[in-house]
Amino acid sequence: TLNPQILTVLDHHYQELAIDGKDVIEGLSKKQKTLPPKYFYDDRGSLLFEEICDLPEYYPTRTEAWILQQYADEIAEITNCCELIELGSGSSTKTQLLLDAYQKIADNCRYLPIDVSGGILKTSVLQLQEKYPDIAIHGLLGTYDQALVHLESNYLQSRMLFFLGSSLGNFNPEECDRFLNQISRTLQSGDYFLLGIDLQKPKDILEAAYNDSQCVTAAFNLNMLSHLNWRFQGDFDISLFKHQAIYNEVENQIEMYLHCQKSHWVTLEALDLKVFFEGGESILTEISRKFNLTKMSQQLESKGLKTIKTCTDEKGWFGLILCQV
Ligand code: AVJ
C-alpha cells in the first residue's frame, strides 16, 4: 500500500502504475516484433538491473559513478540549490553522489525521484529520507510521459532535471528528438538538464557488457515476458525464448532480442490478444544507442539546451552533459 508521504502515483485512477498495454499490442503486431523497454522494470526486473550494474562486464554504471564522483561538487556549485528531479531513478544509488554535493551547499533542497517500479522507488525513498534528513524527498511513480505532464505546470524554484545511465539510448532517433523537445518544453528559462550518455567504443567491449558470463542480462531480458504474463494475464513460456544482444555498427546501437525457439501461440488475456510466434523469429526488446558527445551537445543546443559543461572518464567511455535552458 502507498504512503502519500513517500510516493505519489502519477495516474490518480490507480493505486499501482497504470499501463494500458496498447504499446504491447502494437509492438507484437509488427513484422519485426518489438516490446517497449519500460516492461523490463517490474520489481524483479529492477532488482535484476541492479545486479547488472555490478557485473564486471557492465562498465556504464561504474564509469558514470566515477564521473559523478569527480564532478558532483562542481555541478552543485554551478547550478546552486535547486529542485532535483530524476527521470528513471531506480535505486538512486549513483544519485547519492549528487545529493552529497547538494547537501553541502544548501539547506532546503528537494529531490523528486521518478520511476515505473514502485517497489524499488519506495525502498530507496525510505532509505534516502533516513540518510538525508535535510533534503525533502518525494517519490513519483509513473512513466516519463506521465512525469513530464505532471511537471509541466508553472513553478517557482529553479530545477535541475536529470536523466542518467544512458537511458536516452533506449529511444530511436525520432523518439529521442521528441523526448528532448518535451524536456525543453517542461523546463523554464534558467533551469538545468543533466544528461548521462554511453559513448561509442569497440564492439567487443559493448557486446560483452550485454552478454555477461553470469547470464544476468539474459534473465533480465526474459523477465520482460514474465512481467507481461502477470500484468496482462499472459501465457508466455519463457523456456521457448533465448536472449541475444548484438552491436549494430551501422546504427551504433546494441540490439537486445528474444529469439523464439519453436512455433507456438501466445495469449495475453487482459489485452484480448493472441499472437503467433514462428520458430526462429525474434522480439526486439531494447535498443541501447551509443553516442558521440559533441554531436549530442549540438542536438541539445538545437533544442535550446545550451551545454555549460561536459565531463567524461579517462577512456572516454561515458559522458555527462550539463546544460541550461
Ligand atoms: C538502463 C537502458 C541504460 O541500455 O545499458 C542494461 C539497460 N539493458 N543491460 C542499457 C540494460 C541491458 C540499460 N539502460
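The shown structure was predicted, so the numbers you read here are calculated from the model rather than taken from an experiment. Every number for a ligand or one of its atoms is a count from 1 in the order of the listing.
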### Query
Is Leu225 linked to Val275 within one hydrophobic cluster, defined over Ile, Leu, Val, Met, Phe, Trp and Tyr using a side-chain heavy-atom separation of less than 4.5 Å?
yes
### Task
Would you mind running through ligand 1 and noting each atom that sits below 4.0 Å from a heavy atom of Asn170?
2 (C)
Flag [X] as yes when one of its N or O atoms lies below 3.5 Å from any N or O atom of ligand 1, and as no otherwise.
X      : answer
Glu286 : yes
Ser166 : no
Ser288 : yes

Note: [X]-[Y] ion pair, threshold 4.0 Å (strictly below):
X      : Y      : value
Arg231 : Asp42  : no
Arg110 : Glu83  : yes
Arg289 : Asp198 : no
Arg62  : Asp54  : no

### Task
Using non-hydrogen atoms of the residue, decide whether Gly165 is closer than 4.0 angstrom to ligand 1.
yes
### Task
Check if Phe40 has a non-hydrogen atom at a distance under 4.0 Å from any atom of ligand 1.
no
### Summary
Going by the 4.0 angstrom heavy-atom rule, the piece of Tyr41 near ligand 1 is side chain
### Message
Below a 4.0 angstrom heavy-atom separation, can you tell me which part of Tyr210, side chain or backbone, both or neither, approaches ligand 1?
### Response
side chain
#### Entry: Close aromatic pair by centroid cut-off 6.0 Å: Tyr132 and Tyr111
no
### Task
Provide, to 0.1 Å, the distance between atom 13 (C) of ligand 1 and the closest protein heavy atom, together with that atom's residue and name.
Tyr58 OH, 3.4 Å
### Query
Side chains of Gln244 and Tyr257: do they bring a donor and an acceptor to under 3.5 Å?
no
